[in-house]
Amino acid sequence: MRVFFEFDTLRSSFVAAGDLLMPEARLRRVSSQRFLPAFKFIAVALCATAFLLPGAQAAKKEKTAVAKTSVAKKAKGPVPVEVKRNASSGKTVAKRSEKAEKVVRGGRNVVATIRKKNGKTVVAVQRRSVVRVETPARQSFGQMAGLHGTDDALDLKSSVALVIDQDTHEVLFSKNDHAVLPIASLTKLMTGLLISEARLPNDELITITQDDVDTEKGSRSRLTVGTMLSRGELLHLALMSSENRAAHALGRTYPGGLSTFVSIMNAKAKMLGMKDTRYVEPTGLSSRNQSSAQDLALLVNAAYADATVRSLSTSPEYQVEVGNRVLQFNTTNRLVKSPDWEIGVQKTGFINEAGQCLVMQAKVAGRKLIMVFLDSAGKFSRIADAERVRRWVEATHAVPGSPAASRSVSYQVAG
């Protein structure tokens, strides 16, 4: 307000001087009073300008700087934006090209990427394709030993094979028959033979316990812990459907216990002349149960002499009552149900280390034959190998006068 005060003082001095110099000025003084509001307005405007001018200049400079920044951003072009489609909703989500702050997995093969831009959170969800890589199948002992590379006249898939006439002991066909390999559930043929020969009470009830659960391979069983069946029922299931818990329970409840039973298994093998055979448990789940085709032919011959083993091993199906349920079990060898086969005794086996295995006594072309197939590659190859051998025997080794020999002669004449 200092400017306004000085202005009034100057105006008063000017008027006083005018009165002295020109008397008529007094007359004009009255008329000059009407311009006083205008002078006051001008004075206030000058004061306001002086007070607000520095702030206005600073604001102008700031606005100029912001404008320059905007021009620079426009010159650089727009920020790249990547568009992704939400796998679940089908909506598109914009994701700015900057470093991801967080990656979250949700469900199978779904990944959410969370990014922040200018204070905003953007989530991009994408579903990743998965390429499944199958783990190579574990090689059998026969494969690791190179036995599958052995050629034979019948082009069998089994790396070990042996066909013997049971009556004459003539070897009709052999392939790596001295090789010692894991025998899987062929072990149960020895287990069943010893249980049958022991003449233990078949109606005695045996309970499946935790000790019978497979810890070697983790295989499953329909006989749950606590299941109670007779010894005869367990023997039937072990020989026909290769039930592991049934076989283990038979060995566990043998007089003297499991260790005694395994010792008797090895003693029986030695008595039969099975020089390359060793047992460590009664199921065949362990790859340390090993034998050769030559030894197994001796076992098949001994098992065929036991009527109980013959009957149970060639049974096509069997039912057992477990609590309020009735469980249906079937043979593991489909040749048992085939009208083309007359099988006296049989047993199948499989673990990865042993491959597909099969032993049989069967009547083919008028001959009683013992067949052994070990380490066959493929789920059905052991059956196919048995069929090849049967057709080959019928064509080349049929007993004179048998139906198979007549078919063979007719085929040769017709050909």
Quiz prompt | Rounded distance (nearest 0.5 Å) linking atom CG of Asp214 with atom OG of Ser286 | solution = 10.5 Å

Quiz item: Which pair of non-hydrogen atoms, one from Gly273 and one from Asp295, has the smallest distance, and what is that distance?
Solution: O-OD1, 4.0 Å

Exercise. For Thr283 and Glu281, test the side chains for any donor-to-acceptor distance below 3.5 angstrom and give the result as yes or no.
Key: yes

Self-check item: Qualifying residues under side chain to side chain donor-acceptor pair (under 3.5 Å), relative to Thr348, sequence neighbours excluded
Solution: Thr332

Practice problem: For side chain to side chain contact (heavy atoms under 4.5 Å, CB included), just list the numbers for Leu147 and Leu374, CA-CA rounded to whole Å, side-chain angles, deciding distance to a tenth of an Å, and then say yes or no. | Solution: CA-CA 11 Å; Leu147 298 181; Leu374 301 182; over 6 Å; no

Quiz item: Sequence neighbours excluded, which residues qualify as salt bridge (Lys or Arg N to Asp or Glu O under 4.0 Å) partners of Arg367?
Solution: Asp165, Glu170

Quiz prompt | Any Val336 side-chain heavy atom under 4.5 Å of Met240 side chain | solution = no

Exercise. Evaluate the side-chain proximity of Asp211 to Leu258: yes if any heavy-atom separation is below 4.5 Å, no if none is.
Key: no

Exercise. Scan residues 315-364 for pairs that pass ring pair (Phe, Tyr, Trp, His ring centres under 6.0 Å), counting only residues two or more places apart or in two chains.
Key: His236-Tyr318

Quiz item: So, do His248 and Asn244 sit near enough that their side-chain heavy atoms are less than 4.5 Å apart?
Solution: no

Quiz item: For the side chain of Arg288 and the backbone of Val280, is there at least one donor-acceptor N/O pair under 3.5 Å apart?
Solution: no

Exercise. Taking all heavy atoms of Arg252 and all of Thr207, pick out the closest pair and write down the distance.
Key: NH2-O, 2.9 Å

Exercise. With sequence neighbours left out, write down each residue that passes side chain to side chain donor-acceptor pair (under 3.5 Å) with Asp385, or none if nothing qualifies.
Key: Ser158, Arg388

Quiz item: Does a salt bridge link Glu353 with Arg138, judged by any charged N lying under 4.0 Å from a carboxylate O?
Solution: yes

Quiz item: Going through the checks in order, is the side chain to side chain contact (heavy atoms under 4.5 Å, CB included) test met by Asn266 and Arg278?
Solution: CA-CA 6 Å; Asn266 286 297; Arg278 182 193 178 203; 4.2 Å; yes

Quiz item: Who pairs with Ser259 by side chain to side chain contact (heavy atoms under 4.5 Å, CB included), at least two apart in sequence or on another chain?
Solution: none

Practice problem: Keeping the roles fixed (side chain from Gln346, backbone from Ser313), state whether a donor-acceptor pair exists under 3.5 Å. | Solution: yes

Exercise. Enter the distance from Gln294:CD to Thr277:OG1 here, rounded to the nearest 0.5 Å.
Key: 11.0 Å

Quiz item: Crowded around Gln328 CD? As in, over 12 foreign heavy atoms under 6.0 Å?
Solution: yes

Quiz prompt | With sequence neighbours excluded, residues passing side chain to side chain contact (heavy atoms under 4.5 Å, CB included) with Asp340 | solution = Ser338, Arg390

Quiz item: Do Thr187 and Lys347 get their side chains close enough for a donor-acceptor pair, meaning under 3.5 Å?
Solution: no

Quiz item: How many angstroms lie between atom OG1 of Thr253 and atom CD1 of Ile195, to the nearest 0.5 angstrom?
Solution: 6.5 Å

Quiz item: Side chains of Ser311 and Thr308: is there a donor and an acceptor less than 3.5 Å apart?
Solution: no

Practice problem: Of all the heavy-atom pairs spanning Ala303 and Leu193, show the shortest one and how long it is. | Solution: CA-CD1, 4.3 Å

Self-check item: NZ/Lys275: more than 12 non-hydrogen atoms of other groups inside 6.0 Å
Solution: no

Quiz item: Which atom names give the shortest non-hydrogen contact between Arg245 and Thr224, and what distance separates them?
Solution: NH1-CA, 3.8 Å

Practice problem: Decide yes or no on side chain to side chain contact (heavy atoms under 4.5 Å, CB included) for Val320 and Val322, but give the supporting numbers first. | Solution: CA-CA 6 Å; Val320 294; Val322 178; 4.2 Å; yes

Quiz prompt | Check: Ser221 and Glu243 side chains under 4.5 Å, non-hydrogen atoms | solution = yes

Quiz item: Is there a side-chain contact between Leu285 and Ser219, using heavy atoms and a 4.5 Å cut-off?
Solution: yes

Quiz item: Should Lys268 and Tyr279 count as side-chain neighbours, where that means a heavy-atom distance under 4.5 Å?
Solution: no

Quiz item: Distance from Lys363 atom NZ to Ile343 atom CD1, nearest 0.5 Å?
Solution: 14.0 Å

Practice problem: Output the distance between atom CE (Met360) and atom CE (Met371), rounded to the nearest 0.5 Å. | Solution: 5.0 Å

Quiz item: Between Phe261 and Leu250, does a side chain to side chain contact (heavy atoms under 4.5 Å, CB included) hold up when you go through it step by step?
Solution: CA-CA 9 Å; Phe261 185 75; Leu250 290 172; 5.9 Å; no

Self-check item: Shortest non-hydrogen separation from Ser185 to Lys188 and the atoms involved
Solution: OG-NZ, 2.7 Å

Self-check item: Backbone N/O of Tyr304 and side chain of Arg310: donor-acceptor pair under 3.5 Å
Solution: yes

Quiz item: Hey, are the side chains of Trp392 and His397 touching, using non-hydrogen atoms and a 4.5 Å cut-off?
Solution: yes

Quiz item: Does some side-chain heavy atom of Asn333 sit less than 4.5 Å from a side-chain heavy atom of Ile383?
Solution: yes

Quiz prompt | CG on Leu189 to CD1 on Ile183, rounded to 0.5 Å | solution = 9.0 Å

Quiz item: Has the side chain of Ser196 got a donor or acceptor atom that lies under 3.5 Å from a matching backbone atom of Gly192?
Solution: no

Exercise. Compute whether any side-chain donor of one residue and acceptor of the other, for Gln361 and Asn301, lie under 3.5 angstrom apart.
Key: no

Quiz item: In this structure, are over 12 heavy atoms from other groups packed under 6.0 Å from Lys217 atom NZ?
Solution: yes

Exercise. Please report the closest heavy-atom contact between Pro182 and Ala354, naming both atoms and the distance.
Key: O-CB, 3.2 Å

